[in-house]
Amino acid sequence: MTLNFLLKQATRAYIKKGAKKYRKVQVRRMGKFVKFAQNRGATHWGQIGHRTWIAFEKEFNFSDSNKKLYLRAIHQLEKLINMNLI
């Protein structure tokens with residue numbers, strides 16, 4: 001299962017409920033992180049870890065508030081993926 005497919009599958013229901021505009025922004029952030037991880041050679045979720053986040057953070061040089069927003073989106077993605085895998 002590719003990371004893009006996993007992202008779409010995990011976020012399908014997430015986008016439809018709650019604050020839709022905010023959730024679409026969150027999914028875009030998740031997608032940006034997944035694309036970055038794929039460019040670094042990750043092929044499945046188990047290959048993404050703390051070092052990937054550090055490289056992502058250094059690559060884009062986020063402000064503190066943006067770091068928190070991206071980290072929140074990535075944690076949400078991890079939670080959604082774990083819910084789908086169970």
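All heavy atoms count here, side chains included; hydrogens, waters and symmetry mates do not.
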Item to check | Interatomic spacing from CZ in F56 to CG in N39 - rounded to 0.5 Å | outcome: 11.0 Å
Next on the checklist: Please check this pair: side chain of T2 against backbone of F5, looking for a donor-acceptor N/O pair closer than 3.5 Å.
Outcome noted: yes
Item to check | Greater than 12 external heavy atoms within 6.0 Å of R40's CZ | outcome: yes
Next on the checklist: Using modelled atom types and a 3.5 Å cut-off, is there a donor and acceptor pairing between side-chain atoms of R23 and backbone atoms of K16?
Outcome noted: no
Checklist entry - Do E78 and H75 come within less than 4.5 Å of each other through their side chains, counting heavy atoms only? => result yes
Checklist entry - Is the F62 ring parallel, tilted or perpendicular to the W53 ring (thresholds 30°, 60°)? => result parallel
Listed pairs under 3.5 Å, donor-acceptor, residues 25-32 side chains, sequence neighbours left out:
{"from": "Q26", "atom 1": "OE1", "to": "R29", "atom 2": "NH1", "distance (Å)": "2.7"}
{"from": "Q26", "atom 1": "NE2", "to": "Y22", "atom 2": "OH", "distance (Å)": "3.4"}

Item to check | Side chain proximity check, I81 to L6, heavy atoms < 4.5 angstrom | outcome: yes
Checklist entry - To the nearest 0.5 Å, what is the distance between OG1 (T43) and CD (Q47)? => result 3.5 Å
Item to check | Ring centre gap for Y70 and F60 strictly below 6.0 Å | outcome: no
Checklist entry - So, do V34 and L77 sit near enough that their side-chain heavy atoms are less than 4.5 Å apart? => result yes
Checklist entry - Looking at I15 and K20, what are the two nearest heavy atoms and their distance? => result O-CG, 3.7 Å
Checklist entry - Would you say T52's side chain and I48's backbone share a donor-acceptor pair under 3.5 angstrom? => result no
Next on the checklist: Between L71 and F33, is there shared hydrophobic-cluster membership here, with clusters defined by ILVMFWY side-chain heavy atoms closer than 4.5 Å?
Outcome noted: yes
